[in-house]
2 protein chains.
Amino acid sequence: MPAHPVRPGRTPDRLKDRPTWLISRAFARSSALLAAGFEADGDGLRGYHYRLLAALEQWGPASQADLGRDTGIDRSDVTAALTELESRGLVERRVDPDHRRRKIVTITPQGGDALVGLDAVIDRTQAAVLAPLTAAQRRQFVDLMAKLLD
Amino acid sequence: MPAHPVRPGRTPDRLKDRPTWLISRAFARSSALLAAGFEADGDGLRGYHYRLLAALEQWGPASQADLGRDTGIDRSDVTAALTELESRGLVERRVDPDHRRRKIVTITPQGGDALVGLDAVIDRTQAAVLAPLTAAQRRQFVDLMAKLLD
DNA sequence: TGTCCAATGTTGGCCATTCCAACATAGGCG
DNA sequence: CGCCTATGTTGGAATGGCCAACATTGGACA
């Protein structure tokens, strides 16, 4: 899904150097590239699924509430995304025997494979997004963005 | 955003340094701050309205299609936003006598006033977005983002 | 011990941003 | 003249983010 075309050199002065504008354009491009990648090779999965699988792979089984806190996804959206992941056999949910109101989510081997597959999609997208920058500029960019989000 | 509770230091490694992730977080924060600013002082107007008014103020009357290209807004969304602006008396639309399928949009004096008012909202938002950065880093940031969008 | 409070998962909804499909109409260009 | 493109419009979709309400469960603590 290509970002909506902007006529080169015709961005209003009021917008063109403003961080909020630059960020929104960067996001438009980045998410368009990401969507194209997921569409081509994502097997119907989206950002929420990737986030959840990444958290599970890194830290192991977790409750849904903890997953939400770790990934910045609302509890209700966690539920929906996990249902989709579960129906694909990428995660398993079972009630915590010690706290029966809680469900422990585990990533399956297939879930691990899917995650690796998505990594490739994601990595290709990073390369496309950063294409205009040199290696040094890329490092600077990541560094500044991290600071911005402190 | 996640203005939603995110456990600090618990972002999965697969996400935390990826440009697409950083960009989406930055966009979330930026647009949340922008929305808050518009809510407080924007008189019901939003980003699209500001972009359109800015383009009109700078280059004078234009067709809706040209406005879309200049501001990165889809034609259909231009139509909707202009309808709102028109109902507030901030722009005028009339059929181009030379090309009757086209509508020429003109900003009104009230539209100019509204634009100046929104400038203040926007400026405050830039400051909030860039708050974590030093002056030198802010220049670097704008510079890198501009390169990224080449 | 019993009562109240907080956390959990779920359902169902809302909003904003962006983009797309389809359409009628109007002009340009051959 | 006929074709093709541009234009404005309507309506819808995907994605991400958020919130309220609910039943259930367990912990805290009086």
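Worth knowing before you read on, the calculation uses all heavy atoms, side chains too, and leaves out hydrogens, waters and symmetry mates. Naming: A, B, ... by sequence-line order, numbering from 1 per chain.
- At the heavy-atom level, B:Gly47 lies nowhere under 4.0 Å from the strands shown.
- The nearest whole Å value for the distance from the CD1 atom in B:Ile73 to the P atom in C:dA16 is 15 Å.
- Note: CZ (A:Phe38) to P (D:dT15) measures 10 Å, nearest angstrom.
- Heavy atoms of other residues, nucleotides or ligands lying less than 6.0 angstrom from CD of A:Glu92 number 12 at most.
- Atom CG of B:Leu33 is separated from atom P of C:dA16 by 17 Å (rounded to the nearest Å).
- A straight line from CH2 of B:Trp21 to C1' of D:dG17 spans 12 Å, rounded to a whole angstrom.
- Remark: P of D:dT15 and CD1 of B:Ile23 are 19 Å apart, rounded to the nearest angstrom.
- Heavy atoms of B:Arg94 sit nowhere under 4.0 angstrom from any nucleic acid atom.
- A donor-acceptor contact under 3.5 Å links the side chain of A:Arg101 to the base of D:dT25.
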Using nucleotides 9-11 of chain D, report all nitrogen or oxygen pairs with the protein that are shorter than 3.5 Å.
residue, atom, partner, partner atom, Å
D:dT9, OP1, B:Lys103, NZ, 2.1
D:dT9, OP2, B:Gln64, OE1, 3.0
D:dT9, OP2, B:Gln64, NE2, 2.9
D:dT9, OP2, B:Thr79, OG1, 3.4
D:dT9, OP2, B:Arg93, NH1, 3.0
D:dG11, O6, B:Ser76, OG, 3.4

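- Clustering ILVMFWY residues whenever any of their side-chain heavy atoms sit less than 4.5 angstrom apart, transitively, puts A:Phe27 in the very cluster that holds A:Trp21.
- In this structure, B:Arg102 does not reach the D:dT5 phosphate: none of its side-chain N or O atoms is under 4.0 Å from OP1 or OP2.
- Within the 4.0 Å cut-off from OP1 or OP2 of C:dG28, at least one side-chain nitrogen or oxygen of B:His99 is found.
- Between the CD atom of B:Glu39 and the P atom of C:dT17 there is a distance of 12 Å, rounded to whole Å.
- Residues passing the side chain to side chain donor-acceptor pair (under 3.5 Å) test with A:Asp143, sequence neighbours excluded: A:Lys147.
- Projected onto DNA chain D by closest heavy-atom contact, A:Arg100 and A:Phe27 fall at different nucleotides, the more 5' of which corresponds to A:Phe27.
- Contact annotation: B:Tyr48 side-chain N/O to C:dA16 OP1/OP2 distance is not under 4.0 Å.
- In this structure, CD of A:Glu86 is placed 13 Å from P of C:dG9, rounded to the nearest angstrom.
- In terms of phosphate contacts, B:Arg25 brings a side-chain nitrogen or oxygen within less than 4.0 Å of OP1 or OP2 of D:dG17.
- The pair B:Arg18-A:Asp123 meets the salt-bridge criterion, with a side-chain N (NZ, NE, NH1 or NH2) lying under 4.0 Å from an Asp/Glu carboxylate O.
- Following rounding to the nearest Å, A:Glu84 (CD) and D:dG16 (P) show an atom-to-atom distance of 11 Å.
- A:Leu22 and A:Leu15 end up in the same hydrophobic cluster when Ile, Leu, Val, Met, Phe, Trp and Tyr side chains are linked at under 4.5 Å.
- Under the 4.0 Å criterion applied to side-chain N and carboxylate O atoms, A:Asp70 and A:Arg51 are not assigned as salt-bridge partners.
- Atom CD of B:Gln110 is surrounded by more than 12 heavy atoms from other residues, nucleotides or ligands within 6.0 Å.
- For A:Ser63 and A:Ser24, each mapped to the nucleotide of DNA chain C holding its nearest heavy atom, the one lying further toward the 5' end belongs to A:Ser63.
- Taking a cutoff of 4.0 Å between a charged side-chain nitrogen and a carboxylate oxygen, B:Lys103 and B:Asp96 do not qualify as a salt bridge.
- Dashed line: the shortest gap from a side-chain N or O of B:Arg46 to OP1 or OP2 of C:dT17 is under 4.0 Å.
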